[in-house]
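Because the structure is a prediction, the values reported are computed rather than measured.
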Amino acid sequence: MISVSSYVYTNFIVIICFILFQIVYALSYGKKDIACKDVIKYNFTMKKTKSRYQVLSFMLLLGISIGGFTLWYNNFNLSSLFFRGGELTDRVVLQGPSWLLYHYFLKPIPAVCALVYALAYGIKSRGAWLLLILTFVISSPTSMARFQAAVIYIPLFLVFFKALRREFYFPSVLVFGLLFIFPLLDKFRTFSSNDGFGYNLDYSFLLSGHFDSYQNFIRVFDLEMISYGWQLLGAILFFVPRSIWPNKPVGSGYNLAQDLNLSLSNISLNYLGEGYINFGILGVLLFLAILGIFCGWFDRKFWKKNINAGVNISNIFYMFSLGLVFFLMRGDLMSSFAYSMGMLFSVMLVVKIFNKLDSTNYKF
């Protein structure tokens with residue numbers, strides 16, 4: 001059992017972290033001389049240019065190539081394309097770097113292509129919608145982890161569906177997704193014909209282990225788990241295979257599960273817990289300060305300086321970061337950092353080639 005003193009102590013730390021984040025973020029962002037709602041009202045209209053067809057041809061070829069690899073990965077089983085697990089899935093076993101390369105780098109590329117093309121040539125262009133459909137097939141939201149679906153589809157929905165860019169629609173959609181869409185996606189996780197596919201509004205998950213992040217945060221305090229930067233080193237060097245680095249750290253959630261002798265080791269550890277497990281209380285404050293500085297700088301760069309800079313790496317990655325920040329806060333750091341870097345490299349590849357093929361400087 002968790003003691004009352006542990007609850008009080010942890011809650012006090014959390015409140016301090018909230019206050020610290022707001023202060024650091026405000027200092028990093030600076031004076032708010034532009035309202036977000038004024039920028040979000042931008043509409044994306046179709047722009048005609050000869051290079052548009054060259055860009056579309058390349059993006060379709062790239063998407064189809066990844067689609068072909070995806071079909072091979074699913075043993076050419078079409079139903080497996082749309083299910084995350086269960087009896088309808090049939091996949092080739094990928095491990096280590098090859099698994100990371102496909103899921104974290106290749107699979108998001110069609111979504112990046114759709115977003116870049118829509119921002120450059122407008123959501124009214126047929127090519128943008130064709131790339132969006134291709135994304136739904138290759139990277140179906142029902143075939144991936146829910147955090148990954150949020151990362152990929154939040155920016156696409158914001159761009160392709162104008163109504164969602166209104167001031168209060170976005171948080172409303174997030175709440176709707178939590179209560180209705182996430183439980184639905186869970187049905188595709190372990191589908192079985194014996195259980196059927198009935199979908200009833202059941203909110204028992206609100207009282208289940210889905211919300212273990214808070215409890216796990218308290219546990220690292222109680223166990224005084226401090227690695228003095230060892231877990232952080234593992235997150236930064238996530239790309240080094242264990243065949244080269246046998247003693248490479250495991251995820252912090254897995255590490256906590258081992259110390260607690262839990263039967264389920266696939267648990268999360270949130271961003272605050274990662275700060276503690278690396279450098280203790282000072283680590284929690286340090287991690288929050290870094291997050292506040294980064295969020296303030298990134299927001300300022302997009303809303304103040306970069307909104308009219310055209311299709312560039314910073315703008316595109318910023319839109320995907322709207323979903324990445326949820327994954328980062330949930331943890332653990334090793335998984336979220338690895339996926340964020342994979343997403344960044346996907347954006348870099350598509351944007352670099354787009355800017356080589358496109359002969360104009362588009363504004364959005």
Side-chain angles (χ1 to χ4, degrees), residues 2-37 39-40 147 150-151 154 167-168 170-175 177-178 206 210-229 231-232 235-236 252-253 256 267-305 317-319 321-337 340:
I2 298 175
S3 65
V4 174
S5 60
S6 295
Y7 279 116
V8 173
Y9 180 70
T10 306
N11 287 348
F12 176 75
I13 296 297
V14 170
I15 293 171
I16 294 297
C17 288
F18 286 158
I19 297 173
L20 175 64
F21 178 84
Q22 294 295 333
I23 295 173
V24 174
Y25 176 88
L27 293 174
S28 179
Y29 186 89
K31 183 180 178 181
K32 294 187 177 182
D33 55 1
I34 183 171
C36 294
K37 62 180 182 180
V39 181
I40 295 178
F147 82 85
V151 171
I154 283 176
E167 191 168 5
F168 297 107
F170 181 59
S172 301
V173 169
L174 289 180
V175 173
L178 175 66
L206 293 171
H210 287 274
F211 294 88
D212 61 343
S213 179
Y214 174 68
Q215 174 179 296
N216 294 343
F217 182 41
I218 300 177
R219 295 295 188 189
V220 296
F221 278 110
D222 282 349
L223 295 176
E224 296 183 351
M225 295 179 61
I226 304 177
S227 67
Y228 300 100
Q231 290 299 121
L232 179 61
I236 295 175
S252 297
L256 176 62
I267 63 175
S268 64
L269 184 64
N270 60 45
Y271 185 74
L272 301 181
E274 290 284 357
Y276 186 87
I277 206 171
N278 277 285
F279 305 110
I281 292 296
L282 290 179
V284 177
L285 301 178
L286 176 64
F287 272 45
L288 252 293
I290 292 174
L291 183 65
I293 292 171
F294 177 77
C295 289
W297 171 81
F298 212 12
D299 279 346
R300 184 182 74 249
K301 185 175 178 62
F302 183 83
W303 293 110
K304 289 186 175 182
K305 298 181 178 180
F317 185 68
Y318 177 87
M319 302 194 74
S321 71
L322 299 175
L324 284 172
V325 71
F326 288 98
F327 186 26
L328 174 67
M329 294 305 299
R330 173 189 175 271
D332 56 24
L333 185 61
M334 186 176 293
S335 298
S336 59
F337 184 75
S340 298

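- Residues Ser213 and Asn216 have side chains that never bring a donor and an acceptor to within less than 3.5 angstrom of each other.
- We find the CD1-CG distance between Ile154 and Leu324 to be 9.5 Å, quoted to the nearest 0.5 Å.
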- Task: Would you sort out whether Phe327 and Ser335 count as a side chain to side chain contact (heavy atoms under 4.5 Å, CB included), showing the intermediate values?
- Result: CA-CA 9 Å; Phe327 186 26; Ser335 298; 3.8 Å; yes
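- Nearest heavy atoms, Phe21 versus Gly292: CE1-CA, 3.5 Å.
- The shortest side-chain heavy-atom distance between Ile2 and Phe221 does not fall under the 4.5 Å cut-off.
- Closest non-hydrogen pair, Ile267 versus Gly253, comes out as CG1-O, 3.2 Å.
- Here the closest non-hydrogen pair linking Tyr271 and Leu328 is CB-O, 3.7 Å.
- A pairwise comparison of heavy atoms in Leu333 and Glu274 identifies N-OE2, 2.8 Å as the closest pair.
- In terms of heavy atoms, Phe217 sits closest to Leu269 at N-CD1, 4.3 Å.
- A distance of 11.5 Å separates CG of Leu291 from CG of Leu286, quoted to the nearest 0.5 Å.
- For the atom pair Glu224 CD and Tyr276 OH, the distance stands at 5.0 Å (nearest 0.5 Å).
- A donor atom on one side chain and an acceptor atom on the other are found under 3.5 Å apart for Tyr214 and Asn11.
- Although no hydrogens or angles enter the test, the distance criterion places no donor-acceptor pair under 3.5 Å between the side chain of Ser28 and the main chain of Tyr25.
- Distance alone, capped at 3.5 Å, is enough to place a donor-acceptor pair between the Thr10 side chain and the Ser6 backbone.
- Put simply, the side chain of Leu285 reaches to within 4.5 Å of the side chain of Ile16, judged on heavy atoms.
- Between the CD atom in Gln231 and the CG atom in Asn278 there is a gap of 6.5 Å [rounded to 0.5 Å].
- The six-membered or imidazole ring of Phe326 lies away from that of Phe147, with a centre-to-centre distance of 6.0 Å or more.
- Nearest heavy atoms, Val151 versus Gly323: CG2-C, 3.6 Å.
- Of the inter-residue distances, the one linking Asp299 atom CG with Trp297 atom CH2 reads 10.5 Å to the nearest 0.5 angstrom.
- Between Phe298 and Phe302, the distance from one ring center to the other does not fall under 6.0 angstrom.
- The CD1 atom of Ile218 sits 12.0 Å away from atom CD1 of Ile13, with the distance rounded to the nearest 0.5 Å.
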